[in-house]
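Contents: one structure, followed by commentary.
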Amino acid sequence: MPELPNRFRCAHCGRAGTPADVATGWSMSSPPRPTGSTAAADPQVTALCPDCARRVLRDLEGKLDP
């Protein structure tokens with residue numbers, strides 16, 4: 001995973017966060033690297049705050065067949 005920026009924002013609500021906040025439940029992701037690549041094509045990190053991460057997960061679970 002690329003190095004985290006000093007400040008980042010939730011992709012859904014815009015809430016600000018810091019690398020120290022990641023331990024409190026922030027969901028972080030980066031785009032996959034192409035096969036055989038040693039460097040990320042785009043080191044952009046996407047973040048979701050704990051509230052939005054839970055909301056997105058509940059929405060996804062609600063779409064699953066019972």
Side-chain angles (χ1 to χ4, degrees):
M1 179 178 228
E3 187 174 324
L4 293 175
N6 289 333
R7 302 284 295 166
F8 46 84
R9 295 205 169 270
C10 176
H12 283 255
C13 70
R15 179 177 164 187
T18 64
D21 293 330
V22 172
T24 63
W26 282 71
S27 176
M28 310 298 285
S29 68
S30 60
R33 294 185 311 208
T35 302
S37 174
T38 57
D42 181 10
Q44 183 68 26
V45 174
T46 303
L48 289 176
C49 70
D51 295 334
C52 289
R54 275 191 296 274
R55 189 175 311 115
V56 168
L57 181 60
R58 286 182 187 140
D59 288 346
L60 178 64
E61 288 174 337
K63 294 176 184 177
L64 296 175
D65 289 334

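Side-chain contact between Pro50 and Arg15: present, with at least one pair of heavy atoms (C-beta onward) separated by less than 4.5 Å.
Smallest separation of non-hydrogen atoms from Ala47 and Phe8: CB-CD1, 3.7 Å. Across all non-hydrogen atoms, the minimal contact from Cys10 to Cys13 is SG-N, 3.5 Å.
Among residues two or more places apart in sequence or in another chain, the salt bridge (Lys or Arg N to Asp or Glu O under 4.0 Å) test is passed with Arg9 by none.
The side chain to side chain contact (heavy atoms under 4.5 Å, CB included) test with Ser27 singles out one residue from Val22, Leu57, Thr46, Leu48, and that residue is Leu48.
Here the CZ atom belonging to Arg7 is positioned 6.0 Å from the OG1 atom belonging to Thr18, to the nearest 0.5 angstrom.
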